[in-house]
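Below is one structure; the comments refer to it alone.
Throughout, protein chains are lettered first and strands after them, A, B, ... in sequence-line order, and every chain is numbered starting at 1.
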Protein chains: 2
Amino acid sequence: MDRAAVFNEYLRRKGLKNTKQRMTILEAFQGSKFHYSTEELYLELRKDHPKIGYATVHRTLKLFAECGIAIELNFGDGQSRFEPLNENQHHDHLVCTNCGLIIEFMEPRIENLQGQVAARYDFKIESHRHELYGLCSNCAKQR
Amino acid sequence: MDRAAVFNEYLRRKGLKNTKQRMTILEAFQGSKFHYSTEELYLELRKDHPKIGYATVHRTLKLFAECGIAIELNFGDGQSRFEPLNENQHHDHLVCTNCGLIIEFMEPRIENLQGQVAARYDFKIESHRHELYGLCSNCAKQR
DNA sequence: CGGGATATTGAAAATGACATTCAGAAGCTA
DNA sequence: TAGCTTCTGAATGTCATTTTCAATATCCCG
């Protein structure tokens, strides 16, 4: 299921409407590898679709994040940025040291910070491992 | 070297001045285990020091972050929060897969996000490992 | 210990990102 | 297609943060 499908299903489920603007914004958003802020995407869209308003872009990006096809990131420049999210994203692990349960998690904000750390040391990341060890919900209760 | 010493040295090095307000704010900030936002610390300070202005609190917190005795965190509630930072903080590693160089790094924002991930799964973190593998500055150049 | 250059302070106003409002337009369901 | 509901876009509101500015405090140097 691609992003458009996920988005449409989300709209339907929520009783929201599929509009030209929303589809146009999704298309522009998907197309790029860039981390758009609301303003940047708005300015970009303006070239071909001068009638789409800033508020609409903003509301639509929020919708993307809500339905899981995008992640809202914060690079500390005072603007939220949105990154298209894929289904088969890299994930890391929570490992229960008591029962061995392994939970997969994805946290793009950590990936992002890793990049910032690497840049700090002029380091080129090729791979990483990130594991959190502790007690899962069940095991924590039993103690 | 405690935080006050680090802060004072930073001020001196930058040609900035050691003022009563700054010391008062540092004291209040250090005392708590709380993650203060500018507004919260301002309101707290007001009780004993009604003449300290909001802007001064804000500027001083920024200074703390600049000189490394605090970290600015963003919990997504639209307000920046500041956490006192200790010297012997947990650190993780950058590992060069070519020359074996190991760089230690500290990134409280990653630690913070780890906590958020754990909370998501009702998981109690006891420890973690986080290693970034790739090429250090030198090795990257030689390729 | 002053004098004077320079940074700081605090109140108020500005800024800027984000959110909301509202009237007209468009989508959806039957 | 009717008719109800949601959307849209421009304008405006909101709120945290930043800046401004005139008065004040600090620090350096003789």
Side-chain angles (χ1 to χ4, degrees), chain A residues 4 7-29 35-67 70-82, chain B residues 4 7-29 35-67 70-82:
Chain A
F7 186 49
N8 283 319
E9 187 168 323
Y10 181 76
L11 292 177
R12 195 156 4 92
R13 202 174 296 167
K14 285 273 199 170
L16 304 177
K17 290 169 182 172
N18 180 330
T19 66
K20 283 174 206 156
Q21 288 92 333
R22 282 174 178 167
M23 292 306 120
T24 302
I25 293 167
L26 177 55
E27 223 170 291
F29 177 64
H35 289 85
Y36 277 124
S37 66
T38 300
E39 179 159 28
E40 287 163 350
L41 183 49
Y42 167 65
L43 292 174
E44 185 63 29
L45 276 164
R46 229 185 184 186
K47 296 176 188 169
D48 293 326
H49 307 274
K51 283 189 294 191
I52 292 186
Y54 183 97
T56 300
V57 175
H58 178 257
R59 284 180 289 221
T60 304
L61 283 171
K62 285 285 188 190
L63 274 180
F64 291 169
E66 258 177 59
C67 75
I71 170 79
E72 185 171 351
L73 298 172
N74 230 292
F75 296 87
D77 64 347
Q79 264 188 311
S80 291
R81 293 174 180 283
F82 294 81
Chain B
F7 186 49
N8 282 319
E9 188 167 324
Y10 180 77
L11 291 178
R12 195 153 8 90
R13 203 173 298 168
K14 284 272 199 170
L16 304 177
K17 290 168 182 171
N18 180 328
T19 66
K20 283 174 206 155
Q21 289 92 332
R22 284 175 177 167
M23 290 308 120
T24 302
I25 294 166
L26 176 55
E27 223 171 292
F29 178 64
H35 288 85
Y36 277 124
S37 66
T38 299
E39 180 160 28
E40 287 163 349
L41 182 50
Y42 168 65
L43 292 175
E44 186 62 29
L45 276 164
R46 229 185 184 187
K47 296 175 188 169
D48 292 328
H49 307 273
K51 284 189 292 189
I52 292 186
Y54 183 97
T56 300
V57 175
H58 178 259
R59 285 181 286 220
T60 304
L61 283 172
K62 286 285 188 189
L63 273 180
F64 291 169
E66 259 177 59
C67 75
I71 170 80
E72 183 170 354
L73 299 172
N74 229 294
F75 296 89
D77 64 347
Q79 264 187 311
S80 291
R81 291 173 182 285
F82 295 80

Rounded to whole Å, the CE-C1' distance (B:Met23 to C:dA7) equals 14 Å
- Has A:Glu66 got more than 12 heavy atoms of other residues, nucleotides or ligands less than 6.0 Å from its CD? yes
In whole angstroms, the gap separating C1' of D:dG9 from CG of A:Leu45 amounts to 14 Å
Q.
With hydrogens left out and only the distance checked, is there a donor-acceptor pair under 3.5 Å joining A:Arg59's side chain and the base of C:dT21?
A. yes
Here the distance between atom C1' of D:dA16 and atom CG of B:Leu61, to the nearest Å, is 13 Å
Atom NE2 of A:His49 and atom P of D:dC7 are separated, to the nearest Å, by 20 Å
Here the distance between atom P of D:dG9 and atom CZ of A:Arg46, to the nearest Å, is 12 Å
Whole-Å distance, B:Leu41 CG to D:dT17 P, equals 12 Å
*Short side-chain N/O contact to C:dA17 OP1/OP2 from A:Thr38, under 4.0 Å*: no
To the nearest angstrom, the NE2-P distance between B:His58 and C:dA13 comes to 19 Å
Whole-Å distance, A:Glu39 CD to C:dT15 P, equals 15 Å
Between A:Ala28 and A:Leu41, the two heavy atoms sitting closest are CB-CD1, 4.0 Å
Note: for B:Lys62 and A:Tyr54 on DNA chain D, the residue whose nearest nucleotide lies more 5' is A:Tyr54
Quiz item: Think B:Arg22 has a side-chain N or O under 4.0 angstrom from the OP1 or OP2 of C:dT9?
Solution: yes
query = Ignoring hydrogens and angles, are the base of C:dT6 and the side chain of B:Lys17 linked by a donor-acceptor pair under 3.5 Å?
reply = yes
Hey, does the side chain of A:Thr56 come within less than 4.0 Å of D:dC7's phosphate (OP1/OP2), counting only N and O? no
Worksheet item: Closer than 4.0 Å, any side-chain N/O of B:Lys20 to the OP1 or OP2 of C:dT9?
Response: no
Centroid separation under 6.0 Å, is that true for the rings of A:Phe64 and A:Phe29?
yes
### Task
Please answer whether the main-chain N or O of B:Asn18 pairs with a side-chain N or O of B:Arg22 as donor and acceptor at a distance below 3.5 Å.
no
> Any side-chain N or O of A:Gln21 under 4.0 Å from OP1/OP2 of D:dG9?
Replying inline: yes
OP1 or OP2 of D:dT8 less than 4.0 angstrom from a side-chain nitrogen or oxygen of A:Thr19, does that happen here? yes
The answer to which of B:Ala55 and B:Leu16 contacts DNA chain C further toward the 5' end, by nearest nucleotide, is B:Leu16
Parallel, tilted or perpendicular, as decided by the 30° and 60° cut-offs, for the rings of A:Tyr54 and A:Tyr42: perpendicular
